[in-house]
Amino acid sequence: MRFDVLTIFPEIFDVVLGSSIIGRAQQSGLITVNAINIRDFSKDKHKKTDDYPFGGGTGMVMMPQPIFDAYKSITENLDYKPYFIYMSPQGTKLDQKHVERLSKLEHIIILCGHYEGVDERVIENLVDEEISIGDYVLTGGELPAMVLIDAVSRAIPGVLSNEDSYSDETFKDGLLEYPQYTRPADYMGLKVPDVLLSGHHANINRWRRQQSLKRTRQKRPDLFEKLELSEEDMKLLEEE
Ligand code: 4FV
């Protein structure tokens, strides 16, 4: 998977995405992340990338020319059109199913907005999808872009080692993950549930399914109502 990020703060991507799991994924070549400075494509003598909004109003708007030229610099030697994502609060809210869909792509361009946003002609002519990471306003699209790259990279086979398993985790089949415990079995008198020390895997899996169902019902009723519950699940939920 190739990620090209169009940003006016390219330097922050190496720091955040250069370490740990995503850093290793870059070293192994499973993913590449190129942070491209939009400012380098500004034809303005002061390398301006933003200007006043037509029609007046507060704030500034990112100009079309530097973004279109940055895009051309990526695609002019390609015989395919990369998938162009604009991180914006007006976008589709990102979730795990969405992440898994995106992880199947080969080449994603991510545009990071700033100020009041980007000129609408960029969105109309270049953007395939607007994606939001949540209903709040940030100072820039860089953090959302990193969130997207992290989540999508994790879903690419081989990026996560067995230790950091991808298999049964939160949002997998729409459920919150069961509680996790590690050594010591007794910490300051706080004990680990006996079933987890029993080595009885069927009972352990049953207990974990029950915990996932109960905490999804309690913490995320919006997810719980979407679940298709089996007879067994109903019984697990009734049990104290
Ligand atoms: C955002 C979000 C977000 C809006 C103005 C950047 C900022 C500035 N992006 N999910 N929430 N973007 O707040 O994706 O352009």
Side-chain angles (χ1 to χ4, degrees), residues 1-18 22 31 33-44 46-74 82-105 107-156 170-171 220 222-223:
M1 167 73 86
R2 172 179 164 182
F3 295 100
D4 288 321
V5 183
L6 301 183
T7 170
I8 55 175
F9 295 107
E11 65 280 2
I12 63 176
F13 284 81
D14 298 344
V15 180
V16 176
L17 300 176
I22 307 302
I31 68 169
V33 180
N34 310 311
I36 296 157
N37 194 338
I38 296 169
R39 224 176 267 298
D40 297 346
F41 297 87
S42 170
K43 288 202 169 55
D44 173 85
H46 306 296
K47 295 289 180 199
K48 262 163 65 68
T49 59
D50 61 299
D51 206 338
Y52 295 100
F54 277 123
T58 58
M60 301 294 274
V61 176
M62 294 184 80
M63 300 152 61
Q65 175 270 320
I67 297 171
F68 272 85
D69 289 352
Y71 174 77
K72 246 179 273 157
S73 76
I74 297 168
Y83 195 65
F84 196 117
I85 294 172
Y86 173 44
M87 304 309 297
S88 143
Q90 303 191 11
T92 325
K93 196 84 72 50
L94 188 66
D95 65 14
Q96 196 61 28
K97 288 238 165 326
H98 201 169
V99 163
E100 276 152 24
R101 266 202 318 279
L102 294 169
S103 71
K104 306 284 184 283
L105 298 170
H107 187 174
I108 295 176
I109 298 175
I110 306 172
L111 172 60
C112 305
H114 261 273
Y115 321 110
E116 297 314 304
V118 304
D119 185 287
E120 193 64 20
R121 291 164 285 187
V122 170
I123 298 171
E124 286 158 355
N125 296 283
L126 297 183
V127 172
D128 294 306
E129 184 176 5
E130 292 185 69
I131 294 180
S132 170
I133 62 166
D135 296 341
Y136 39 82
V137 181
L138 301 164
T139 60
E142 281 74 18
L143 292 174
M146 292 180 205
V147 165
L148 184 83
I149 291 170
D150 187 295
V152 169
S153 299
R154 287 179 83 259
I156 294 169
T170 298
F171 303 123
R220 292 292 305 276
D222 58 311
L223 289 178

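Counting starts at 1 for both ligands and their atoms, following the listed order.
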Nearest-neighbour protein heavy atom for atom 14 (O) of ligand 1, which is reported as residue plus atom name and distance: Ser88 N, 3.4 Å
Identify whether the distance between the nearest side-chain nitrogen and carboxylate oxygen of Asp95 and Lys93 falls below 4.0 Å. no
For atom 7 (C) of ligand 1, what is the closest protein heavy atom, and at what distance to 0.1 Å? Leu138 O, 3.2 Å
Go through ligand 1 atom by atom and flag the ones less than 4.0 Å from a non-hydrogen atom of Tyr136. 11 (N), 13 (O)
Side chain, backbone, both or neither: which part of Glu116 has a heavy atom under 4.0 Å from ligand 1? neither
Can you give me the closest heavy-atom contact between Met1 and Leu105, atom names plus distance? CE-O, 3.1 Å
Can you tell me how far the CD1 atom of Ile109 sits from the CD1 atom of Ile74, to the nearest 0.5 Å? 4.0 Å
Tell me whether Ile133 has any N or O atom under 3.5 angstrom from an N or O of ligand 1. yes
What I want to know is whether Tyr86 and ligand 1 share at least one N or O pair that is separated by under 3.5 angstrom. no
Could you list which atoms of ligand 1 come closer than 4.0 Å to a heavy atom of Tyr115? 5 (C), 8 (C), 15 (O)
Hits for ring-ring contact (aromatic ring centres under 6.0 Å, His included) against Phe13, two or more places apart or cross-chain, chain-then-number order -> none
Is there a heavy atom of Ile131 sitting under 4.0 angstrom from any atom of ligand 1? yes
Residue part near ligand 1, for Pro144, under 4.0 Å between non-hydrogen atoms: side chain
I need the full list of salt bridge (charged side-chain N to carboxylate O under 4.0 Å, His left out) pairs touching residues 48-67, with sequence neighbours left out, sorted by first then second residue. none
Gly140-ligand 1 polar pair, N/O distance under 3.5 Å: no
Spatial distance of atom CD1 (Ile36) from atom CG (Asp4) [nearest 0.5 Å]: 4.0 Å
Counting both backbone and side chain atoms, is some N or O of Thr139 under 3.5 Å from an N or O of ligand 1? no
Atoms in ligand 1 with a heavy atom of Gly134 nearer than 4.0 Å: 11 (N)
With rounding to the nearest 0.5 angstrom, report the CG to CZ distance, Leu6 to Phe68. 11.5 Å
May I ask you to test the Val147-Met87 pair for a side-chain heavy-atom distance under 4.5 Å? no
Among all protein heavy atoms, pick out the one at the shortest distance from atom 12 (N) of ligand 1; state its residue, atom name and that distance to 0.1 Å. Pro89 CD, 3.7 Å
At what distance, to the nearest 0.5 angstrom, does CE of Met63 lie from OG1 of Thr49? 7.5 Å
